[in-house]
Amino acid sequence: MTAVKSDFLNLMIERGHVHQCSDLEALDAAACKGVITGYIGYDATATSLHVGNMASIMMLRRLQQTGHKPIVLVGGGTTKVGDPSFKTESRPMLTDEQIAQNIAGIKKAYNKFLTFGDGAIDATLVNNDEWLGKLEYLPFLREVGRHFTINRMLSFDSVKLRLEREQPLTFLEFNYMIMQGYDFVELHRRYGCTLQMGGSDQWGNIINGVELGRRMANYDLYALTTPLIMTSSGEKMGKTVSGALWLNEDRLSPYDYWQYWRNTEDADVTRFMKIFTDMPLDEIERLGKLKDAEINEAKKILAFETTKLCHGEAAALEAAATAKATFEGGGIGANLPIYAMAGASVAIVDALVGLGFAASKGEARRLVEGGGVRLNDAVVSDVTASLSTADLTQDATARLSAGKKRHGVVKKG
């Protein structure tokens with residue numbers, strides 16, 4: 001990759017954040033000259049961001065760390081339309097109240113990673129409903145819509161995928177890319193924003209904004225994307241049996257968050273430390289050279305550093321202590337996931353689903369049939385087995401495990 005001079009791009013490249021850039025040399029020069037303002041957008045579809053968003057979150061964190069200003073754009077307006085990108089069906093419509101609740105959850109997540117305020121490089125949260133909600137249809141078509149061709153829009157992979165599968169693509173969704181491009185123009189007008197960042201799957205949408213700014217007002221805007229993060233085994237980042245790995249503790253406990261990072265594949269430890277922590281690069285390189293059993297110590301450090309960043313040092317220490325008590329002490333650590341029995345007994349498969357160790361009863365049965373389920377360290381071999389109050393130990397709990405790394409507590413409700 002071309003040599004760069006700015007602290008921002010040097011850090012981004014060293015940490016593995018850069019995939020594509022619309023004009024690396026010009027962006028580098030702008031970052032050397034003074035403070036640049038950059039943004040990443042998120043539609044308000046859930047009450048929290050998740051691990052799959054972490055790569056883009058860290059891009060804004062790196063921007064602020066190197067003396068530049070981040071904008072978190074929440075799609076209060078575009079959420080009402082729905083991004084068709086690589087979706088197989090239309091997004092469910094949300095009420096204004098649901099969107100407002102989701103925006104509050106996104107701000108809560110981002111408060112963990114950025115410093116918000118009124119300073120020159122303090123982060124700002126902006127809602128695109130400020131301008132999209134006030135647009136008049138005919139002026140918007142004349143001023144913005146004329147810069148987009150149907151030919152180009154049909155060439156986007158996200159659109160072609162839906163059409164090839166003969167799945168409906170509504171006119172509402174078709175307008176999404178126009179609105180997203182217009183967001184960049186408005187952010188430049190209102191906040192002097194010159195950089196949009198995001199995942200590499202958003203490259204086409206981001207470039208739309210760069211080109212729209214040039215065509216409408218000859219703005220110099222830049223696009224920068226990060227690689228889509230996959231594990232070494234080919235899994236999508238953050239994909240688990242129990243669903244999304246949420247960043248807000250009301251959706252996922254700090255212990256479960258810690259445990260996710262602790263279970264990182266050996267080949268991914270160094271890469272994930274660079275991308276998802278602030279650890280010094282020389283320390284990362286040292287830990288990355290560990291092999292066999294020693295690599296587990298590096299994984300614990302990765303888990304601690306990522307959890308500290310997301311939930312604070314106290315929660316990270318507590319999660320590490322829980323894991324140590326559970327895995328090394330043979331006991332039941334605090335903060336393990338808990339399932340409360342409504343009566344005197346519960347089917348093992350129901351408890352596995354309740355603890356999030358299986359997405360369905362069928363999957364839970366397969367875990368049992370494969371010999372991967374243990375009750376108080378005894379293998380469960382009967383798919384119809386139940387856990388009763390007789391299985392509770394002196395502290396009125398039982399430990400239910402799925403595999404070697406997932407443990408939960410069952411107690412009487």
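Computed from a predicted model, the values in this text were never measured in an experiment. As a basis for the values below, the full set of heavy atoms in this structure was taken, side chains included, without hydrogen atoms, waters or symmetry mates.
A cation-pi contact links K107 to F116, judged by a cut-off of 6.0 Å to the six-membered ring centre and 45° from its axis.
Shown are I121, T37, L63; of these, the side chain to side chain contact (heavy atoms under 4.5 Å, CB included) with H68 is made only by L63.
By the salt bridge (Lys or Arg N to Asp or Glu O under 4.0 Å) test, K5 is found to be paired with no residue, residues two or more places apart in sequence or in another chain being considered. Looking at residues two or more places apart in sequence or on another chain, you find a side-chain contact (heavy atoms from CB on, under 4.5 Å) between D250 and K108, N248. Residues that satisfy the side-chain contact (heavy atoms from CB on, under 4.5 Å) test with D96, not counting sequence neighbours, are K80.
Note on ring orientation: taking the six-membered ring where Trp is involved, the planes of Y219 and H188 are tilted (angle from 30° to 60°). Between W261 and Y257, the ring planes lie perpendicular to each other; the angle is over 60°, past the 30° to 60° tilted range.
By the neighbour-count criterion of 12 heavy atoms within 6.0 Å, atom CD of E283 is densely surrounded, having more than that number from other residues, nucleotides or ligands.
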Full working for side chain to side chain contact (heavy atoms under 4.5 Å, CB included) between R262 and F304: CA-CA 8 Å; R262 167 62 181 82; F304 176 79; over 6 Å; no

Let me see the working for L309 and K112 under side chain to side chain contact (heavy atoms under 4.5 Å, CB included), right down to the final yes or no. CA-CA 7 Å; L309 205 57; K112 305 166 186 285; over 6 Å; no

Begin from the C-alpha positions of I207 and W203 and carry the test side chain to side chain contact (heavy atoms under 4.5 Å, CB included) through to its verdict. CA-CA 6 Å; I207 284 296; W203 177 253; 3.5 Å; yes

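Remark: the backbone N or O of I275 is paired with a side-chain donor or acceptor of R62 at under 3.5 angstrom.
Side-chain contact of T226 with H19: a donor-acceptor pair under 3.5 Å is absent, judged by distance alone.
Nearest heavy-atom pair across L387 and A398 is CD1-CB, 4.2 Å. Closest approach of L352 and A402 over heavy atoms only: CD2-CB, 4.4 Å. Closest of all the heavy-atom pairs between A319 and P254 is CB-O, 4.1 Å.
Side-chain rings of Y191 and Y39 stay apart, their centers remaining 6.0 Å or farther from each other.
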